[in-house]
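Bear in mind the structure is a predicted one, so any value in this text is a computation, not a measurement. Residue numbers start from 1 in every chain, and the chains themselves are labelled A, B, ... in the order their sequence lines are given, proteins ahead of strands.
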Amino acid sequence: MSQIVTRIAPSPTGYMHIGTARAALFNWLFARHHNGRFLLRIEDTDRSRSTPEATEAIYRGMKWLGMDWDGEAISQFARADRHADVAHQMLANGTAYKCYATKEEIDAFREAAREAGRPPLFLSPWRDSAETPDLPYVIRLKAPRDGETTINDVVQGTVTWKNETLDDMILLRSDGTPTYMLAVVVDDHDMGITHIIRGDDHLTNAARQSQIYTAMGWDIPVFAHIPLVYGPDGKKLSKRHGAMGVEEYQAMGYYPDAVMNYLARLGWSHGDDEFFTMKQAIDWFRLEDVVKSPARFDFKKLENLSGQHIRAADNETLLAKLEEFLSATGQTDLTDAQKRLMFAGMDGMKERAKTFPELLEMAHFILGTRPFVPDEKAAKLLDTVSRGMLNRLTSRLRGVSWTHDILEAEIRAFAETEEIGLGKVAQPLRAALTGRTISPSVFDMMVLLGKDESIARLEDASV
RNA sequence: GCGCCCUUCGUCUAUCGGUUAGGACGCUAGGUUUUCAUCCUGGAAAGAGGGGUUCGAUUCCCCUAGGGCGUACCA
């Protein structure tokens with residue numbers, strides 16, 4: 001078989017829908033699995049919505065998720081002349097006709113049909129007319145009225161429609177611009193798309209589009225209509241559910257590979273594998289393993305996967321991703337000194353975080369500055385009794401060598417002297433060191449911070 | 001209305017006629033632990049309903065119910 005070519009064709013709406021990202025992912029996985037090409041086409045025929053910024057949002061979303069496309073993105077709008085040209089070719093070869101029916105006539109036809117209990121499909125009187133009045137017209141496909149149209153869909157199987165349920169769709173509007181139906185077919189054909197992988201809301205379109213391919217004598221690509229994703233309540237995904245746009249997921253601080261991992265598992269599976277890299281997904285991906293039923297979005301599972309990916313990431317990559325998060329959300333960059341400490345302390349922080357905001361929370365002892373004002377819970381731990389205890393501990397620590405093992409031994413011994421559990425020492429110590437009740441190991445933090453800084457923080461807290 | 005698609009634990013899914021219906025998230029009981037998290041062990045939890053076909057159906061077929069998508073001079 002010749003090289004496989006897939007595409008994602010989003011329309012620029014100002015953000016990249018998470019469902020679009022998933023369709024892109026399946027196309028991308030499939031193309032990469034087969035060493036094929038994955039193309040990007042911007043469906044920017046709606047001029048009012050198609051701004052450079054909206055297109056930029058798509059690029060950003062794709063890049064953040066790590067999906068690279070081959071060649072330059074193609075503008076559908078720029079190809080309008082070619083689309084019109086094809087419509088006229090169809091006119092010439094008799095597979096399309098000029099229809100002079102007005103909007104009012106069509107509406108009246110539909111209404112009458114509905115009242116009579118007949119299908120509201122418009123049957124144009126101009127279909128077989130030889131007349132060519134000097135009036136505005138649209139070009140309609142002369143779709144077959146008898147027989148059936150069948151598509152062989154890799155995911156949906158063989159799906160058949162009676163042609164009488166499909167009408168003569170408009171290809172070229174009266175103002176000479178192409179409709180979506182025409183444009184996709186022409187573009188997909190010209191771009192050499194071999195496999196069309198898209199949401200199953202396009203299933204019916206596939207039948208109508210295949211009629212255009214047939215009319216032009218073009219090869220029909222392989223269709224794969226993947227099930228849609230809904231919100232946690234089974235309703236269409238909307239703002240109400242928290243997030244629709246890819247950038248919102250980025251802003252919430254999910255690890256990008258985890259979003260991809262999660263999206264891939266919605267409707268596709270490889271045995272019992274739940275956690276995997278994109279490299280593995282590319283290796284495993286087969287259209288045959290995509291299910292037909294729709295899935296609901298589960299933020300809990302996404303969060304869990306994000307945690308797994310953060311834990312599995314090497315510290316250097318993780319730090320880079322964190323910086324990307326910081327800049328994407330407009331937060332201040334890390335200084336070199338902070339980066340060094342973050343890198344050194346990453347092991348202790350990453351296993352405690354599922355998202356970047358949580359990672360940042362764990363890094364408070366590095367990113368914050370003295371004096372560390374305790375939050376409400378931490379303040380409770382630093383009562384008079386604890387501060388006295390901390391004072392005694394501090395003077396004892398002034399004389400010791402600052403290594404993890406020595407500090408641990410020293411503090412454990414101190415707890416015994418005080419006749420309290422280690423926890424009773426560690427918690428106030430943590431509060432003094434970070435102003436929080438949650439953090440990485442106190443011993444690890446002290447080593448990372450160094451003796452002077454640690455002692456200084458303890459002194460701050462004992463006042 | 002018509003057309004098409006879907007239906008296994010709460011959620012995502014495995015099962016390609018014969019399984020104690022498996023895994024994951026979540027939930028829950030316990031263990032490890034300086035907090036949190038991680039990690040480890042256990043538990044509850046599913047074939048929409050009804051007909052067939054078959055020695056045997058979650059699996060194949062039909063009907064019903066429920067859900068979704070489409071039915072534009074939108075994409």
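Between A:Ile151 atom CD1 and B:G70 atom C1' the separation is 13 Å, expressed in whole Å. In this entry the distance linking CZ of A:Phe275 with C1' of B:G23 reads 16 Å, nearest Å. Per the geometry, CG belonging to A:Asn163 stands 15 Å off P belonging to B:G3, to the nearest Å. The CG-C1' distance, from A:Asp273 to B:U13, rounds to 12 Å in whole Å. Computed from coordinates, the A:Asp444 CG to B:U35 P distance equals 14 Å when rounded to whole Å. Here B:A14 presents its P atom at 15 Å from CH2 of A:Trp284, a figure rounded to the nearest Å. Taking atom CE on A:Met445 and atom P on B:U34, their separation rounds to 14 Å, with Å as the unit. Following rounding to the nearest Å, A:Gln156 (CD) and B:G70 (P) show an atom-to-atom distance of 14 Å.
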Exercise for review: Given ring-ring contact (aromatic ring centres under 6.0 Å, His included), test A:His270 with A:Phe276 step by step and report yes or no.
Suggested key: CA-CA 10 Å; A:His270 180 263; A:Phe276 44 79; 8.2 Å; no
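Taking the six-membered ring where tryptophan is involved, the planes of A:Phe443 and A:His404 are perpendicular, since the angle between them exceeds 60° and thus also 30°. Aromatic ring orientation, A:Phe122 versus A:Phe109: perpendicular (interplanar angle above 60°, classes split at 30° and 60°). The aromatic rings of A:Phe223 and A:Tyr213 stand perpendicular to each other, their planes meeting at an angle above 60°, with 30° marking the opposite boundary.
Annotation: A:Phe297 is in aromatic contact with A:Tyr262 [ring centroid separation under 6.0 Å]. For A:His309 and A:Tyr254, the gap between ring centers reaches or exceeds 6.0 Å. Residues A:His195 and A:Phe30 place their aromatic rings such that the two centres sit under 6.0 Å apart.
Remark: A:Arg47 qualifies as a cation-pi partner of A:Phe77 under the 6.0 Å distance and 45° angle criteria applied to the six-membered ring.
B:U53 makes up no base pair with any nucleotide shown, lacking Watson-Crick or G-U wobble contacts both under 3.5 Å. The partner of B:U38 cannot be assigned: no Watson-Crick or G-U wobble pair with both contacts below 3.5 Å exists in any strand. Nucleotide B:A14 forms a pair with no other nucleotide shown, judged by Watson-Crick or G-U wobble geometry with both contacts under 3.5 Å. Shown here, B:C2 forms a base pair with B:G70; the pair counts as Watson-Crick or G-U wobble because both key distances fall under 3.5 Å.
Nearest nucleotide to the side chain of A:Met181, out of B:G1, B:C73, B:A75: B:A75. In this structure, of B:U35, B:C5, B:U7, it is B:U7 that holds the atom nearest to the side chain of A:Ser293. Minimum atom distance to the side chain of A:Leu203 is reached by B:C4, of the listed B:C12, B:C4, B:U35. Of the candidates B:C6, B:C4, B:C12, B:C4 carries the atom nearest the A:Val159 side chain, counting heavy atoms from C-beta on. Proximity note for A:Glu351 (side chain, C-beta onward) versus B:C36, B:U38, B:A75: the nearest is B:U38. Here the side chain of A:Ser269 is nearest to one of B:A75, B:C69, B:U13, namely B:U13. Here the nucleotide nearest the side chain of A:Arg110, chosen from B:U34, B:C12, B:A72, is B:A72. Picking from B:C69, B:C36, B:U13 the nucleotide with the shortest atom distance to the side chain of A:Arg352 gives B:C36. Out of B:G68, B:C73, B:U71, the shortest distance to the side chain of A:Lys103 is found at B:C73.
Spacing of C1' atoms, B:G70 relative to B:U11, comes out at 27 Å, to the nearest Å. Here the separation of B:G30 from B:A14, taken at their P atoms, is 34 Å to the nearest Å. Distance noted for atom C1' between B:G49 and B:U58: 14 Å (whole Å). Nucleotides B:U7 and B:A48 place their C1' atoms 7 Å apart, quoted to the nearest Å. Using atom P as the reference point in both B:C40 and B:A21, the two lie 26 Å apart (nearest Å). Here the separation of B:G31 from B:A37, taken at their C1' atoms, is 16 Å to the nearest Å. The separation of B:G52 from B:A46, taken at their P atoms, amounts to 26 Å, rounded to a whole angstrom. Atom P of B:C12 sits at a distance of 15 Å from the matching atom of B:G68, rounded to the whole Å.
Using a 4.0 Å heavy-atom cutoff across all strands shown, A:Ile170 reaches at least one base atom of the nucleic acid. No contact: A:Arg114 has no heavy atom under 4.0 Å from any strand. Residue contacts for A:Pro120: at a heavy-atom cut-off of 4.0 Å it reaches a base atom on one of the strands shown. As judged by a 4.0 angstrom heavy-atom cut-off over every strand, A:Thr45 is placed among residues touching the sugar-phosphate backbone only. Residue-level contact check: A:Leu121 touches the backbone only, with heavy atoms under 4.0 Å from sugar-phosphate atoms and none from bases. At the heavy-atom level, A:Ala378 lies nowhere under 4.0 Å from the strands shown. Within the 4.0 angstrom heavy-atom criterion, base atoms lie near A:Pro440. A:Gly199 comes within contact range of no nucleotide atom at all, as no heavy-atom separation falls under 4.0 Å. When heavy atoms are screened at a 4.0 angstrom cut-off, A:His202 is found touching base atoms of the nucleic acid. At a threshold of 4.0 angstrom between heavy atoms, the contacts of A:Val184 with the nucleic acid are absent. Across all strands shown, A:Thr160 has heavy atoms under 4.0 Å from sugar-phosphate atoms exclusively, and none from any base.
Applying the 3.5 Å distance criterion, the base of B:C36 shares no donor-acceptor pair with the side chain of A:Ser439. Side-chain atoms of A:Arg296 and base atoms of B:U11 include no donor and acceptor less than 3.5 Å apart. Put simply, the side chain of A:Ser441 and the base of B:U34 share a donor and an acceptor less than 3.5 Å apart. Between the side chain of A:Arg208 and the base of B:U71 there is no donor-acceptor pair of N/O atoms closer than 3.5 Å.
With respect to the salt-bridge test (charged N to carboxylate O, under 4.0 angstrom), the residues A:Glu453 and A:Arg457 qualify.
Between the CG atom of A:Asn27 and the CD1 atom of A:Ile197 there is a distance of 4.0 Å, given to the nearest 0.5 Å.
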Review point. With the sugar-phosphate defined as primed atoms, P, OP1 and OP2, and the base as all remaining atoms, what B/S/- string results for nucleotides 24-29 of chain B, 5' to 3', for protein heavy atoms under 4.0 Å?
Key: BBS---
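Nearest-nucleotide positions on RNA chain B place A:Glu408 closer to the 5' end than the other of A:Leu172 and A:Glu408. Place A:Thr158 and A:Arg311 on RNA chain B by their nearest nucleotides, and A:Thr158 ends up nearer the 5' end.
For A:Arg79 and A:Gln76, the side-chain atoms include no donor-acceptor pair closer than 3.5 Å.
The side chain to side chain donor-acceptor pair (under 3.5 Å) pairs that include a residue from residues 228-237 of chain A are A:Asp233-A:Arg240, A:Asp233-A:His241, where partners are two or more places apart or lie in different chains.
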